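Treat the numbers as computed from the prediction; the structure is a model and nothing was measured.
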Amino acid sequence: MIKVLLVDDEQFIRQGLRHLVDWEKYGCQIMAEAENGMEAIRILEEVDIDLAFVDIRMPGMTGMELISYVRRNVYRQIRFVILTGYAEFQYARKALQLDVMDYMLKPVQEEELIGILKKVNQEFQHQQKEQQDKYDFHLAMVLTGKYSEENVRQVKRYLSEEGLERYVSFEFDKNHQEFASLDRNGRIEQQRELVQYLKGLAGEFAYHVAPMMETEEESFGAGLILARALYEEEYDSDEEYLEYLQKRVAQHFSCPIQVYAGQAARTFEQLSQSFFSIRVARCLHGLAQDESQVRNYEDFRHRKSSMGIRQEDVDRLLEAVKNDQVSEIEASAEQIFAQIRSSDMNLEMVNASIYHILYQLMEMVQEFDDETNQQEILEYIGKESFNKMVLAGSTEEITGFFSDYAGYLAQVRTQESRKVLDRVDAYVQKNYMEKMSLKSLGELFYVNNVYLGQLYKKKYGMSFRDYLNNLRMEKAQELLLGTNLRIYAIAEAVGFGKAEYFINKFVQLHNMTPNQYRIRNRMAESEVGHEG
């Protein structure tokens with residue numbers, strides 16, 4: 001709500017304004033009234049007023065003197081609308097120089113007041129959106145551990161460090177049929193609705209709620225910076241409060257929502273540790289098949305160590321991967337993770353067991369192709385396994401990783417598969433302007449996308465993305481010199497899409513904009529022509 005102050009020395013004017021329109025209908029709430037400038041200053045210094053209607057002529061302190069004082073001494077953006085009579089119109093014009101947003105002639109007309117309230121509401125919503133976006137950015141930097149002193153300072157403007165407890169994640173179950181059937185826009189809309197719903201439940205602590213910051217695994221939901229102030233008046237513990245929130249969102253949304261509570265964080269600098277510990281809670285919950293509604297990292301971290309996994313089961317899994325036996329892979333992987341679930345292994349033991357298996361997978365590739373870059377395999381295994389095993393925390397994702405790797409290994413073993421690059425390259429040269437990726441090309445040519453990426457790296461000494469961008473850039477340069485097409489049209493024609501992205505890439509490569517490149521080269525050609 002936009003908080004409003006009415007300032008006029010005549011009570012009937014203030015009462016008339018109060019009852020002239022339905023203020024709440026236009027997002028406004030009259031918080032206070034003042035009959036002179038000094039009383040108005042006291043209110044403005046104590047209450048977060050957003051909009052003040054001020055009479056231009058008042059005894060003791062004029063409206064302009066009031067506004068001038070506030071501009072110099074109250075460090076907060078307050079919008080002013082002045083109330084004036086016809087004889088005071090020249091004063092009104094001077095008041096506009098004090099950054100007053102508008103003025104109204106007495107007696108105030110309903111339509112005129114409604115027009116101003118609509119204008120203020122529109123500006124206020126725009127400002128709130130900009131303010132929220134900036135805050136979300138600073139909070140994201142703090143949560144991901146990439147923060148500067150400025151990021152922390154900006155977050156502290158909205159959140160109190162006193163009573164800070166932990167980061168909590170509210171996540172839609174992406175494997176649930178109803179949520180999985182939504183397209184990306186539908187999922188984003190569900191996320192937006194969840195954020196707004198939690199903000200409503202948080203009330204005055206709405207800034208403790210933020211959109212999902214984690215994007216690596218296509219998760220959707222909302223984050224909550226949990227602090228004691230959110231629940232201490234009504235609940236005995238944070239567990240009770242989180243269970244209450246979980247029940248409320250479960251009643252409001254048809255798609256299941258899981259709640260993960262991260263490790264304790266007593267300072268803003270510790271929030272990133274709490275944020276990333278959500279991944280661990282998610283992983284261990286998935287492996288333990290825990291059915292509780294709120295999963296707390298602190299409950300998992302103290303699980304006792306175990307001897308781990310039987311080596312014969314690991315050997316069985318590796319042999320199945322080596323021979324690309326999908327059904328045997330699924331059975332072996334399920335057997336291994338059943339052991340993890342029943343053994344009360346802590347996170348360190350889970351990691352040790354998984355990375356023991358991953359190391360042997362990497363060694364397996366070297367048996368069939370000693371030219372394979374070990375670092376590339378390590379990066380692939382590390383990225384894919386972390387995303388699918390730790391972030392996802394489900395046996396379906398884990399067995400899917402082993403099956404994909406078996407297909408990758410099978411293509412490394414087959415010399416014939418190396419010839420596929422010529423066919424793929426011919427397709428890329430012809431269709432470079434279309435949207436494409438290693439994944440889409442792999443599906444089109446029935447080749448593992450990671451292996452395909454390695455083939456590009458071996459032949460051209462660069463990643464496929466860089467190769468495609470360079471090809472598009474070459475075509476763009478031809479169009480710049482050979483046509484009069486506009487820059488945005490060229491960007492679209494070669495597949496870059498947005499002109500801003502194309503221009504930035506072009507500047508990085510040539511240290512000049514596409515237009516400067518066109519002008520300079522045409523001038524050079526002209527000079528050569530004159531010399532001839």
Side-chain angles (χ1 to χ4, degrees), residues 1-133 192 196 199-200 203-204 206:
M1 281 287 188
I2 300 170
K3 300 180 181 67
V4 178
L5 170 66
L6 304 180
V7 187
D8 198 297
D9 60 313
E10 297 182 67
Q11 184 177 359
F12 78 92
I13 295 290
R14 301 197 305 272
Q15 290 300 313
L17 281 172
R18 179 182 284 273
H19 298 292
L20 188 59
V21 298
D22 181 355
W23 292 78
E24 291 193 4
K25 180 180 178 181
Y26 304 101
C28 298
Q29 181 181 7
I30 298 176
M31 301 296 294
E33 297 180 15
E35 62 180 4
N36 58 60
M38 293 306 297
E39 186 180 354
I41 288 172
R42 179 183 59 77
I43 294 171
L44 289 168
E45 289 177 337
E46 295 177 357
V47 183
D48 289 336
I49 296 297
D50 302 303
L51 173 64
F53 289 82
V54 179
D55 184 16
I56 204 167
R57 278 186 178 274
M58 292 183 293
M61 175 182 282
T62 68
M64 286 191 294
E65 289 171 339
L66 165 62
I67 296 168
S68 180
Y69 175 88
V70 171
R71 291 289 186 236
R72 294 194 311 270
N73 297 283
V74 179
Y75 301 104
R76 193 173 67 251
Q77 184 176 5
I78 301 171
R79 293 174 173 82
F80 287 97
V81 175
I82 57 174
L83 307 174
T84 179
Y86 285 106
E88 300 157 343
F89 185 67
Q90 291 302 319
Y91 289 103
R93 294 183 62 182
K94 288 182 180 179
L96 293 176
Q97 297 172 6
L98 294 174
D99 197 25
V100 171
M101 71 166 294
D102 216 327
Y103 67 92
M104 292 193 300
L105 295 174
K106 296 180 182 179
V108 175
Q109 301 299 308
E110 180 181 355
E111 288 185 4
E112 186 179 11
L113 179 56
I114 290 174
I116 287 178
L117 294 184
K118 285 182 176 180
K119 177 182 176 183
V120 172
N121 196 11
Q122 186 176 16
E123 290 181 359
F124 188 77
Q125 294 299 327
H126 179 71
Q127 179 185 342
Q128 289 289 94
K129 176 67 167 57
E130 285 189 341
Q131 184 174 302
Q132 184 69 54
D133 289 346
R192 186 199 64 77
Q196 292 305 314
K199 280 180 179 288
E204 63 180 300

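- The closest side-chain heavy-atom distance from Met101 to Val81 is below 4.5 Å.
- In this structure, the separation between CG on Leu5 and CZ on Phe53 is 10.5 Å, given to the nearest 0.5 Å.
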Just distance, no hydrogens or angles: give the donor-acceptor pairs under 3.5 Å from side chains in residues 6-18, sequence neighbours left out.
from, atom 1, to, atom 2, distance (Å)
Asp8, OD1, Glu10, N, 2.9
Asp8, OD2, Lys106, NZ, 3.2
Arg14, NE, Glu33, OE1, 2.9
Arg14, NH1, Asp8, O, 2.6
Arg18, NE, Glu33, OE2, 2.8
Arg18, NH2, Glu33, OE2, 2.9

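- The shortest non-hydrogen separation linking Val54 to Gly63 is CG1-CA, 3.6 Å.
- Atom OH of residue Tyr26 and atom CG of residue Leu113 lie 8.5 Å apart, to the nearest 0.5 angstrom.
- Inter-residue side-chain proximity for Trp23 and Met1 is flagged as unmet; no heavy-atom pair is nearer than 4.5 Å.
- Taken from CD in Glu112 to CG in Leu117, the straight-line distance is 11.0 Å, to the nearest 0.5 Å.
- Formation of a donor-acceptor pair under 3.5 Å by the Gln29 side chain with backbone atoms of Gly27 is not found in this model.
- Between the CD1 atom in Ile49 and the CD1 atom in Ile78 there is a gap of 7.5 Å [rounded to 0.5 Å].
- Test Leu66, Asn36, Asn73 against Ile41 for side-chain contact (heavy atoms from CB on, under 4.5 Å) and you get one pass: Leu66.
- Atom CD of Glu111 is surrounded by 12 or fewer heavy atoms from other residues, nucleotides or ligands within 6.0 Å.
- Side-chain contact between Ile67 and Ile82: present, with at least one pair of heavy atoms (C-beta onward) separated by less than 4.5 Å.
- Residues Glu110 and Val21 come closest through the heavy atom pair CG-CG1, 3.8 Å.
- The distance from atom CD1 of Ile2 to atom CG of Asp50, rounded to the nearest 0.5 Å, is 6.5 Å.
- For Glu24, the CD atom sits in a loose shell: 12 or fewer heavy atoms of surrounding residues, nucleotides or ligands are nearer than 6.0 Å.
- Applying the side-chain contact (heavy atoms from CB on, under 4.5 Å) test between Ile116 and each of Val108, Leu51, Asp102 identifies Asp102 as the sole match.
- Val70 places a side-chain heavy atom less than 4.5 Å from the side chain of Phe80.
- The distance from atom NE2 of His19 to atom CD1 of Ile30, rounded to the nearest 0.5 Å, is 8.5 Å.
- In summary, the side chains of His126 and Gln122 do not present any donor paired with an acceptor at a separation below 3.5 Å, with no hydrogens or angles considered.
- Taking the side chain as every heavy atom from C-beta outward, Gln127 and Arg79 approach each other to under 4.5 Å.
- Taking every heavy atom of both residues into account, Pro107 and Gln109 meet most closely at O-NE2, 3.1 Å.
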